[in-house]
Amino acid sequence: MEAALAFVVSVFFAVAIYLMLSKHIIRILLGVSIFGNAVNLSIFTAGRLMREVPPIIPEALQTPDSAIANPLPQALVLTAIVISFSLFAFLLVLAFRAYQELGTDDTDGMRVAEPEGEPLPPLGY
Amino acid sequence: MAAESIDISDAMVIQPTTLGDWMIVAPVGVPILFAAILLMVRHETRLHAGIAITGLLLTLAANAALLLQVLADGPQVMTMGRWLPPFGISFVADALGASLAFVATLVAAVCALYAMKDIGATGRRYGFYPFVMALMAGVGGSFLTGDIFNLYVWFEVFLISSFGLLILGSTERQLDGATKYAILNLVGTTLFLTATAYLYGTFGTLNMADIARRVDAVRDTGPLMTLAVLYLLAFGMKAAAFPVNFWLPASYHTPRIVTAALFGGVLTKVGVYALLRVLVMMFPVERVELSGVIAWVAAGTMVLGIMGALAQSDVRRVLGFVVISGVGVMLAGLALGTEEGLTGTVLYAFHSILAMTALYLLAGVMKELGGSYSLHELGGLYRAYPAMGAFALILMLAVAGLPPASGLWPKILLVQASLESGLPWLALAILATGLLTTIALGRVYILAIWRNRPEGAPSGEPNARPGLGYVSLALLCIPIILLGVYPEPFIRIAETAAAGLLDPSAYIGAVFPVEAAQ
C-alpha cells in the first residue's frame, strides 16, 4: 500500500515540477497547488498506512489492544492543508492583480521592478 | 473507574506551569496579543504606532529576560498542552535562539518607530502594524520552537505577514516584486515541508531534541543525507544563498523602505538560523560530508552577491545584494563547523541584522533629504546634512567590516577559523568580499553624499525633518558601535550559542530531564 502511494506521490511531484518550470504564472500556481498536495500525501504515507482501525483505546485499557492507525500524520496534513490553501488563495489574488496591473502573466514580461537595460551607476563625478 | 488508577505522570505534565516558564512563550505571545489589539482598533490609525511600539518594547523586555535566564541557567523548556516531549510541542530557548530573537525584536521596534513617518494613514488602515506584529510573532516562534513541524508553521506565519507588508500600497512594482517573492518563498517552505515529511517517516518524531539524540541510531538505515540536502536547499532558499537567491533582488527594493529594512535585517537570518539548527545540531555527520558544497555555496553567495551590488544604481538594490553577500559570509561558518567558525556566524548574524536594517533606514533618510534612490540623481547631502553623512560612514564601515564598527570581529573570527581549518581560499573570499563591499558602498558614499548635487536632479522634500530618521539610526548605531569597540560580551554569547549547537547535550537534557538524570 505504501509503495502504491509512493508512486502516486512521485507522479504528483513530477507534474508539479513540470508545471512550475513554466513561465506563465497560472501554470506555476497550478504546479504549486499540486506540489502542496504531493507533500501532504507524502506526509500521510510517511506515517505508514493502516486501514480501518481507528486510534481509540478501549475504556478498560491503558494502551490499545491491537495495531491502530497513526493519528499524527492526519493532524500534520490537516495543518499543512489549511496553510497551503490560504497561501494559495492569496497567491491567486496576487497573480490576478498582477495580471490586471501589468497586463501579462508571462514572467519574462514582468519587468517593472527590474527594468531591462538599466544604466550602470555613474563611473565618475 | 479504571481510569482513575492510571498513573499519567509519565506522559503528562502534572504540575501547573510556573510563571517563569511562561517567559519562554512571551516573545511569541505578546506580539500575537498586540496584533489582535491593533486589529480591534483598525480605524483609529493614530493609535497604531504607540500600541505597536509598546508591544514591541514589551516583547523586547521578554526577550531580554529570557536571554539573561538562558545565559545564567542554560536552555529553558516549556511544553504545550501538558503532553510531555516528544509528544507535546516544546518551546526551547537556548542561547542561539534567544539572542537572535532579542536582536530581531530590537530592530523591529526601531522599524516601528521609523514607520511613524514612513507609513501614512492609508498604510496603517491596510494593516501595516498588525502585519509587523504577526511577522515578529512568526520570527520569534521560529527562533524559540523546539519542534520541526512547528518551525514550519512559524515560517508560514511570518511568510504570510511578509506578503501583506510587501504589497502594502499595491503599486505595479510591488505587485511584480511580490509575485516573484511569494511564489519562490512558498516553493521554499513547501520543500522544507517535504523534507519534514521524510524526516517524520524516518524518525517517527518531530521534536528536534529527540531527533538529535536518536540520529546516530538510524544513521545506517535512514536516508539522512537526502534529508540534510533537502533541508540545505529549502533553508538555503529562505536564506537567499546562491544559486537560489534570485527572489531577493527581485523584490526587496519594491516595498516601503521601512518594510525593506525589516525584511533585509531579519528574514534571511531566520533561514540561516534554521540551517544552523538543523545541519549542525541534528545532522552533524552529514554536515561534515556536505561542508565542501556549503563552502562553495558560501563563497559564491558572498562574492557574486557583492558583484551584483557593484552593478546597481538604485541604492535599495545595492543593499539587496549586500544582504545576499552577508548571507554568504554567515554560511562560511556553517561550512567550517568549528566552534570558532560558528561563533563568527552567530556574531555576524547579530551584526547583519542591525547593520542591514540601519542601512535600509539610511536609504529612506537619503530619499527624504535627497529626493531620490538613484545614484545618478543623489548628491550634495554632506554639505546640507553632515549628521547623515556621519551615520552613513559608521554604517558603511560596519558592513565593510572595518573598525570601529560591528562587522570587524565576526569577519576576523571567520577568517581565522577558515585558515585553521585549512581553507585559505574561503578566507580569501571573505576578505575579497570585504574589499568589494568597501568599493560598492564607498561609491554610494562618494556619489550620494560627498559630491555636489548633479545638475537638474530632483531636490529633497523642501521642509524635510529628518529628526525621527536620525533617532532611529542612532538607536541602531549604538549597538553597532558597542559591538565594534567592546565585543567581549557579544562574542561570549555567540560562543555559548555555538557550543550549544556543537554539543546539544544541554539542549536535549533540558527537553528530557528524566532521561538525562538517569
Side-chain angles (χ1 to χ4, degrees), chain A residues 2 9 13 16-17 20 25 28-29 31-32 35-36 38-48 59-62 70 72-73 75-77 79-80 82-84 86-88 90-91 93-95 97-103 105 107 110-115 118-125, chain B residues 1-3 6-7 87 149 152-153 156-157 159-160 163-164 167 170-180 182-183 186-187 189-191 193-194 196-202 204 206 249-251 253-254 310-314 317-318 374-376 379 440 443-444 446-447 450-452 454:
Chain A
E2 275 95 354
V9 166
F13 271 121
I17 290 170
M20 286 193 294
I25 296 283
I28 299 174
L29 287 186
V32 167
F35 191 25
V39 179
N40 290 339
L41 265 184
S42 55
I43 295 177
F44 190 59
T45 318
R48 308 298 189 271
E59 201 175 332
L61 298 178
Q62 292 191 27
N70 183 355
L72 187 63
L76 300 181
V77 170
T79 313
V82 172
I83 292 174
S84 63
S86 57
L87 287 182
F88 184 67
F90 174 85
L91 276 186
V93 176
L94 179 66
R97 286 281 288 127
Y99 176 71
Q100 278 184 324
E101 294 283 330
L102 307 171
D105 86 327
T107 42
M110 299 175 82
R111 298 302 298 262
V112 180
E114 296 173 286
E118 261 194 317
L120 287 172
L123 300 173
Y125 72 99
Chain B
M1 283 282 292
I6 296 173
D7 178 20
F87 301 108
F149 191 82
Y152 161 75
V153 174
E156 297 287 23
V157 168
L159 193 62
I160 192 83
F163 291 168
I167 55 155
S170 296
T171 63
E172 283 183 17
R173 293 172 73 250
Q174 285 176 320
L175 288 168
D176 185 351
T179 307
K180 292 159 188 171
I183 291 176
L186 188 57
V187 171
T189 42
T190 312
L191 271 174
L193 187 61
T194 314
T196 306
Y198 297 132
L199 179 89
Y200 177 67
T202 307
L206 293 160
S251 61
H253 62 294
T254 58
L310 284 170
Q312 301 301 324
S313 57
D314 184 315
R317 300 197 65 185
V318 172
S374 167
L375 291 178
H376 294 280
R443 181 164 63 190
V444 172
I446 291 173
L447 291 174
W450 253 350
R451 71 166 171 181
N452 292 327

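Labels below follow one simple rule: chain letters A, B, ... track the order of the sequence lines, proteins then strands, and each chain is numbered from 1.
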Structural part of [X] lying under 4.5 Å from a heavy atom of chain B:
X	value
Arg48(A)	side chain
Glu118(A)	side chain
Leu91(A)	side chain
Ile83(A)	side chain
Phe44(A)	neither
Ala98(A)	both

Separation between [atom1] of [X] and [atom2] of [Y], rounded to the nearest 0.5 Å:
X	Y	atom1	atom2	answer
Glu114(A)	Arg173(B)	CD	CZ	10.0 Å
Glu172(B)	Met110(A)	CD	CE	10.5 Å
Thr45(A)	Tyr198(B)	OG1	OH	8.0 Å
Thr196(B)	Leu76(A)	OG1	CG	9.5 Å
Met20(A)	Thr190(B)	CE	OG1	7.5 Å
Thr79(A)	Phe149(B)	OG1	CZ	4.5 Å

Give me the atom names and distance for the closest heavy-atom approach of Ala197(B) to Ala46(A). O-CB, 3.3 Å
Please report the shortest heavy-atom distance between Ser313(B) and Pro119(A), naming the atom on each side. OG-O, 3.4 Å
Walk me through it: do Leu186(B) and Phe90(A) pass the test side-chain contact (heavy atoms from CB on, under 4.5 Å)? CA-CA 11 Å; Leu186(B) 188 57; Phe90(A) 174 85; over 6 Å; no
From CA spacing to verdict: side-chain contact (heavy atoms from CB on, under 4.5 Å), Phe163(B), Leu94(A): CA-CA 10 Å; Phe163(B) 291 168; Leu94(A) 179 66; over 6 Å; no
Based on non-hydrogen pairs under 4.5 Å, which of Val39(A), Leu102(A), Val77(A) is most in contact with chain B? Val39(A)
Between chain B and each of Leu72(A), Ile28(A), Thr107(A), count heavy-atom pairs under 4.5 Å; write down the option with the most. Leu72(A)
Top residue by heavy-atom pair count (under 4.5 Å) with chain A, among Pro454(B), Ala250(B), Gly164(B), Gly379(B)? Ala250(B)
Among Asp176(B), Val153(B), Leu175(B), Val157(B), residue most engaged with chain A (heavy-atom pairs, under 4.5 Å): Asp176(B)
For Phe88(A), does the CZ atom sit with more than 12 other heavy atoms under 6.0 Å from it, leaving out its own atoms? yes
Need one label for [X]: side chain, backbone, both or neither, based on atoms under 4.5 Å from any heavy atom in chain A.
X	value
Thr254(B)	side chain
Ser170(B)	both
Ile167(B)	side chain
Leu310(B)	backbone
Leu193(B)	both

Does the His253(B) side chain pair with the main chain of Ala113(A), one donor and one acceptor, at a distance under 3.5 Å? yes
Is the closest side-chain heavy-atom distance between Ile25(A) and Ile183(B) below 4.5 Å? yes
